[in-house]
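Remember, it's 1-based here, ligands and their atoms both numbered in the order they're listed. What you see is a predicted model, and the numbers here were worked out from it, not measured in a lab.
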Amino acid sequence: MATTKMLRFVSVAQATPDKRAAPERREDFAEIYAGYAAAKAAEQASRCSQCGVPFCQVHCPLGNNIPDWLKLTAEGRLQEAYEVSSATNNMPEVCGRICPQDRLCEGNCVIEQSGHGTVTIGSVEKYITDTAWEMGWVTPVKPAHERTESVGIIGAGPAGLAAAEELRKLGFQVTVYDRYDRAGGLLVYGIPNFKLEKDIVARRTERLVQSGVAFVLNAGIGDSVTLAELRAKHDAVLIATGVYKARALEAPGVGLPGVFAAMRYLTASNRKGLGDAVPEFDDGTLDAAGKAVVVIGGGDTAMDCVRTAIRQGARSVTCLYRRDRENMPGSLREVANAEEEGVRFEWLAAPKAILGHDKVTGVRASRMRLGLPDASGRRAPEPVPDGDFDLPCDMAIEALGFDPEDLPAAFGAPELTVSKWGTIRCDIRTQMTALDGVFGAGDIVRGASLVVWAIKDGRDAAAQIALYVDAKARAAKLAAE
Ligand SMILES: Cc1cc2nc3c(=O)[nH]c(=O)nc-3n(C[C@H](O)[C@H](O)[C@H](O)COP(=O)(O)OP(=O)(O)OC[C@H]3O[C@@H](n4cnc5c(N)ncnc54)[C@H](O)[C@@H]3O)c2cc1C
Ligand code: SF4
């Protein structure tokens with residue numbers, strides 16, 4: 001049985017594969033590698049200084065008890081480390097892989113700040129939970145008691161999935177609705193496989209199914225089912241639909257064949273990796289192989305596009321960003337990875353026009369410089385006189401960020417109030433929208449953000465929904481007395 005497997009810690013020196021005596025069989029290599037990973041995790045975990053004020057924990061949006069699980073890992077008590085880690089995070093192995101740790105926990109590690117290199121917190125977190133899955137410690141949720149009340153969740157991204165798990169733990173009947181054919185949201189169709197393997201997400205969804213969560217896929221709320229129907233069916237509803245309206249480039253030539261929105265490009269690549277039929281990829285339209293590619297934008301989505309194009313075998317990949325490296329929104333670690341893989345960055349360069357007649361042949365860009373700070377406090381880029389230059393390309397990808405869709409219109413619910421950015425307004429304390437019993441979580445509330453924040457919002461929303469349903473039940477009981 002998986003749980004009876006022995007965990008073995010060996011020193012790095014013991015575990016490092018010996019080049020002189022290469023393992024003969026694949027299984028030998030797997031065993032040596034597993035030992036190496038265990039030793040590495042223990043070695044990193046033992047570097048934690050257990051400082052009095054854990055800045056790493058303070059800067060983790062989930063407030064993960066990092067020093068505790070690092071100590072347990074260093075002592076070889078992995079199952080306990082898993083229990084502590086999973087108490088505050090519904091997907092530690094996902095966050096361990098894709099959190100921008102340089103901006104969160106690891107960037108605030110005191111060892112990093114004293115110049116000795118951070119404890120690699122994300123890698124240890126990933127290792128603990130990957131091991132937990134392997135050992136059979138990750139089991140379906142079994143609520144202490146079942147409740148009759150039900151909650152409908154719109155959106156099967158990390159916010160919706162985290163809320164579903166927390167609500168199931170409390171015994172609620174949970175149904176998750178999603179317009180896509182697979183659960184996972186951007187974990188499946190946005191973030192590329194080389195950063196987050198899709199089976200890692202699928203096993204989380206499968207565990208929720210085994211925990212009693214119902215999934216209704218290919219169900220766009222506002223199309224096949226209305227919000228009013230969901231409100232009538234469930235005791236509470238959570239909106240966790242993410243943000244998907246791509247910010248469009250405004251320049252001559254943007255409609256030319258060969259110019260694509262980032263999500264169209266990334267979704268095709270992810271679907272291909274999942275084994276789906278993707279005619280637009282197979283006929284070469286969305287395949288970067290052999291092409292000169294220009295990606296416009298400087299966020300994490302742009303980094304995913306450039307690194308995907310490299311993996312597809314692009315002839316050259318250039319990233320065009322209007323500010324400089326220090327002022328880009330994406331993770332600097334991701335930029336370093338991209339540069340190492342051969343991506344060329346054109347900093348301080350803004351697109352001016354897409355060139356070509358019947359298809360894209362290049363991008364005309366203006367050289368920029370950073371001027372005085374604008375109202376937001378950021379130095380505004382402005383064009384350098386006579387600074388235009390052309391970048392020839394066969395494919396151009398727009399990765400300028402995302403805005404929310406018009407949910408009040410899509411849901412036929414004008415009472416659902418939104419901010420000036422189009423994100424849905426929620427009470428800051430209760431996470432309830434302007435509609436009674438309808439809550440919000442994730443990107444659709446805070447704008448395009450991070451997986452770890454979506455998980456945090458989903459967990460908080462679940463707690464608030466439970467309080468709301470209990471309060472309603474108490475009020476109904478009092479009224480009946
Ligand atoms: C390309 C890309 C790369 C990224 N990389 C990272 C990264 O490395 N690290 C990181 O932390 N974050 C990353 N992010 C951000 C992160 O993915 C999001 O912040 C996070 O997924 C938001 O979670 P969510 O649950 O709010 O929304 P989503 O993950 O977007 O999920 C929303 C779900 O709602 C469904 N939905 C929408 N409308 C409807 C409707 N009307 N009816 C039914 N279902 C609906 C969608 O189909 C989707 O499944 C990346 C984002 C992108 C686009
Ligand atoms: S969830 Fe993210 S920020 Fe928190 S400890 Fe894990 S990797 Fe760091």
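- Ring-plane geometry between F55 and H59 is classed as tilted, the angle between the planes lying from 30 to 60 degrees on a 0 to 90 degree scale.
- Side-chain contact check for D304 and Y265: no donor-acceptor pair (N or O, by modelled atom type) lies under 3.5 Å.
- Inspection of the E166 and N90 side chains reveals an N or O donor paired with an N or O acceptor under 3.5 Å.
- Taking each heavy atom of T73 and A45 in turn, the nearest pair found is CB-CB, 3.8 Å.
- Side-chain N/O atoms of T88 and N65 include no donor and acceptor closer than 3.5 Å.
- Between the side chains of N64 and E125, a donor-acceptor pair is found at a separation under 3.5 Å.
- The shortest non-hydrogen separation linking R322 to A350 is CB-CB, 3.9 Å.
- In plain terms, the two heavy atoms of P408 and L416 that are nearest each other are CG-O, 3.2 Å.
- Contacts of ligand 1 (protein heavy-atom distance under 4.0 Å) are I98, I154, G155, A156, G157, P158, A159, Y177, D178, R179, Y180, G185, L186, G190, I191, K195, A219, G220, I221, A240, T241, G242, Y244, L266, T301, D304, F402, F411, G442, D443, S449, L450, V451, A454.
- Around atom 8 (Fe) of ligand 2, the protein atoms of type N, O or S found under 2.8 Å away are C105 SG, listed by chain and number.
- In this structure, R77 fails the cation-pi test against Y82, since its NZ or CZ atom is not both closer than 6.0 Å to the six-membered ring centre and inside 45 degrees of the ring normal.
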